[in-house]
Amino acid sequence: MSTQLEVRTLGKSRIPVTSVGLGLWAVGGGWGEPRDDDSLHAIEAALDEGITFYDTADVYGMGHSEEILGKAMKGRRDRFVVATKIGWIGYDGERNCSAYDTVEKLIAGVEDSLRRLQIDSIDIIQSHIHYREPNFEVFLEGFQKLQEQGKVRAYGVSTSDFEYLKQFNADGGCATLQIDYSLLNRTAEKEILPYCQENGIGVIVRGALAMGRLTGKFTGKEQFEEGDFRRSWVENEDEHRIFMEDLAIVEKLKELGQDGRTPAQIALQFVRSNPAVTTVIPGGRSPRQVRENVIAGRLPLLSNEDRRFIDGLVPPGGGRKIWPA
C-alpha cells in the first residue's frame, strides 16, 4: 500500500487534487448537531494525512460550513484546493427556479462565499442546482465574469441530469461535474461518466458511501438524531424497505474484506477505480473517520476479481439513486 495519496488533474481546470478529498456538508448540519471543534479537528487530520481538496457550499448551515473552512485555512491558504457551490438558497421548488436570476445577484452571492471563506479566489465554483432550470445561463455568464475578475479559477455543475450537464458544457467551458456515484448507484456509468472522459470534465464524486449505508455500521434499527434527514430511512415504510435491501448488499460486500478492508474502504476504492473519476469527497466528522477514508486513497485500484464480485452485487450501470439528485 502506498504511503502517499494519489494526485490527479481536475479536468480542464488543470488543478492537481488528491484522489480522496473531504466533503464538508456535515460541518454545517443536516446529519445531527454539528460540533465545530470536531469539524476543525477533522480538517486538521485531513491536512496531516495529505488531503488537498475540500468541498463545501453556501447552503451548508447557511454559510457555517464555509466559515469553518475559512477558519481552518487561515494563514495556510496554499494547502487547500477549495470548491464551493451556489444556488440552493432561495430555490423555488415549484417553479424549478433559482433565486439567482441575474448575473449581479450571482456574483454578489459568490462574493459572500469569498468573505465567509476569508479568501480572494475560489478554486472551483459550482452550480448547486441539480436540475435544468431557466436561470442556468445566469450561472454560466456569472461564473465566466468571476473568472475574468480572478475571483474563481474554474467552474462546474453539481447534477445527475445528463441533459443539464451537456447544457452547462455547451460552450466547452465546464471544468467539473459533481455527481452522486457509488457501488449502490452506478447509473452514471451509462452516459455521464463516459461523456466527462470524452470532454475533459473532472469528476468529483459525492455520495460514495451512500449516505453511510456502505460503511457497514448500520443494522436497520438505527435511531437517528432530530434534524438528521436519514430518519426517514427507518420511519418511512418504503424507504426502510430499500434501506434493508441495500444493507443486504453491504453484508455480501464484507466478503471482500477478509484482507482487512472495511466496506467503506472498498466502496471508496471502487469509485476511485473508475477512470472517469478525479476525486471522491466522503464526509468526516472526526479524525478517525478521516483517517479511515484516507486508507482507501492509498489502496491500489480494484483487482479484476474484486470488480467481478461487485458486478455480481450491482451490475454496471445499475442500482438506484440514494439522494434524489
Side-chain angles (χ1 to χ4, degrees), residues 20 23 25-26 30-32 130 158-161 178-193 203-274 276-277 280-286 288-289 292-293 295-297 299 302-303 305-325:
V20 173
W25 178 6
W31 301 68
H130 295 316
S158 178
T159 186
S160 295
D161 185 324
Q178 185 169 146
I179 190 167
D180 182 69
Y181 174 54
S182 73
L183 190 154
L184 293 174
N185 174 20
R186 302 181 63 175
T187 56
E189 295 172 353
K190 296 176 183 176
E191 297 177 309
I192 294 178
L193 295 183
V203 175
I204 303 162
V205 171
R206 53 183 163 82
L209 299 180
M211 308 295 176
R213 297 184 191 209
L214 283 163
T215 61
K217 66 182 180 182
F218 291 146
T219 65
K221 299 179 180 178
E222 281 67 32
Q223 296 295 317
F224 294 106
E225 292 180 37
E226 187 71 35
D228 191 322
F229 71 90
R230 295 173 296 178
R231 289 186 71 166
S232 63
W233 295 358
V234 292
E235 294 178 351
N236 179 283
E237 184 177 346
D238 288 339
E239 289 192 40
H240 187 254
R241 174 182 51 78
I242 294 170
F243 184 32
M244 297 306 296
E245 289 172 359
D246 288 343
L247 295 189
I249 293 173
V250 176
E251 280 302 307
K252 294 176 183 175
L253 184 66
K254 290 178 181 179
E255 294 179 30
L256 290 183
Q258 294 178 3
D259 58 2
R261 290 176 294 170
T262 67
Q265 288 162 355
I266 295 168
L268 294 173
Q269 191 183 17
F270 166 80
V271 168
R272 281 184 55 239
S273 296
N274 188 297
V277 171
V280 54
I281 51 169
R285 293 201 286 176
S286 70
R288 179 190 59 77
Q289 290 176 341
E292 181 172 314
N293 293 339
I295 290 173
L299 291 171
L302 283 179
S303 67
E305 183 180 1
D306 283 355
R307 188 178 298 280
R308 284 192 294 270
F309 183 91
I310 289 170
D311 288 350
L313 298 178
V314 180
R320 57 195 162 212
K321 296 176 184 177
I322 306 297
W323 193 246

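Contact record, L214 with A208: CD1-O, 3.4 Å, taken as the closest heavy-atom pair. Of all heavy-atom pairs spanning S273 and R307, the tightest one is CB-NH2, 3.6 Å. Closest approach of A267 to L209, counting heavy atoms only: CB-CD2, 4.0 Å. Smallest separation of non-hydrogen atoms from A26 and R285: CB-CD, 3.5 Å.
Taken to the nearest 0.5 Å, the OG1 atom of T159 stands 11.0 Å off from the CG atom of D180. Atoms CD1 and CD1, from I192 and I179 in turn, are 4.0 Å apart once rounded to the nearest 0.5 Å. We find the NE2-CG distance between H240 and L247 to be 8.0 Å, quoted to the nearest 0.5 Å. Taking CZ of F218 as the reference point, atom CZ of R213 lies at 8.5 Å (rounded to 0.5 Å). With rounding to the nearest 0.5 Å, the separation of CG in L256 from CG in L313 is 7.5 Å.
A donor-acceptor pair is defined here as one N or O able to donate and one able to accept, closer than 3.5 Å; no such pair exists between the side chain of R272 and the backbone of V20. Looking only at distances, no side-chain donor or acceptor of D161 sits under 3.5 Å from a matching main-chain atom of H130. Counting only distance, with no hydrogens or angles, the side chain of S182 and the backbone of A210 share no donor-acceptor pair below 3.5 Å.
At a threshold of 4.0 Å, the pair E237-R241 does not count as salt-bridged, since none of the basic side-chain nitrogens sits closer than that to a carboxylate oxygen. With salt bridges taken as basic N to acidic carboxylate O contacts below 4.0 Å, one links K254 and E251.
Side chains of L253 and I310 form a contact here, defined as non-hydrogen atoms less than 4.5 Å apart. Put simply, the side chain of T262 does not reach to within 4.5 Å of the side chain of K217, judged on heavy atoms. Looking only at side-chain heavy atoms (C-beta outward), R320 and D246 come within less than 4.5 Å of each other.
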Evaluate the criterion side chain to side chain contact (heavy atoms under 4.5 Å, CB included) for residue pair E292 and T215; output intermediate values, then yes/no. CA-CA 10 Å; E292 181 172 314; T215 61; 6.0 Å; no

Side chain to side chain contact (heavy atoms under 4.5 Å, CB included) for D306 and R261? Distances and angles first, verdict last. CA-CA 12 Å; D306 283 355; R261 290 176 294 170; 3.0 Å; yes

Using the side chain to side chain contact (heavy atoms under 4.5 Å, CB included) rule, take N274 and R186 through it: C-alpha gap first, then chi angles, then the decisive distance, then the call. CA-CA 11 Å; N274 188 297; R186 302 181 63 175; over 6 Å; no

Candidate pair T187 and S160, rule side chain to side chain contact (heavy atoms under 4.5 Å, CB included), full reasoning: CA-CA 9 Å; T187 56; S160 295; over 6 Å; no

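Surrounding NZ of K252 are at most 12 heavy atoms belonging to other residues, nucleotides or ligands under 6.0 Å away.
Aromatic ring orientation, Y181 versus F270: tilted (interplanar angle from 30° to 60°).
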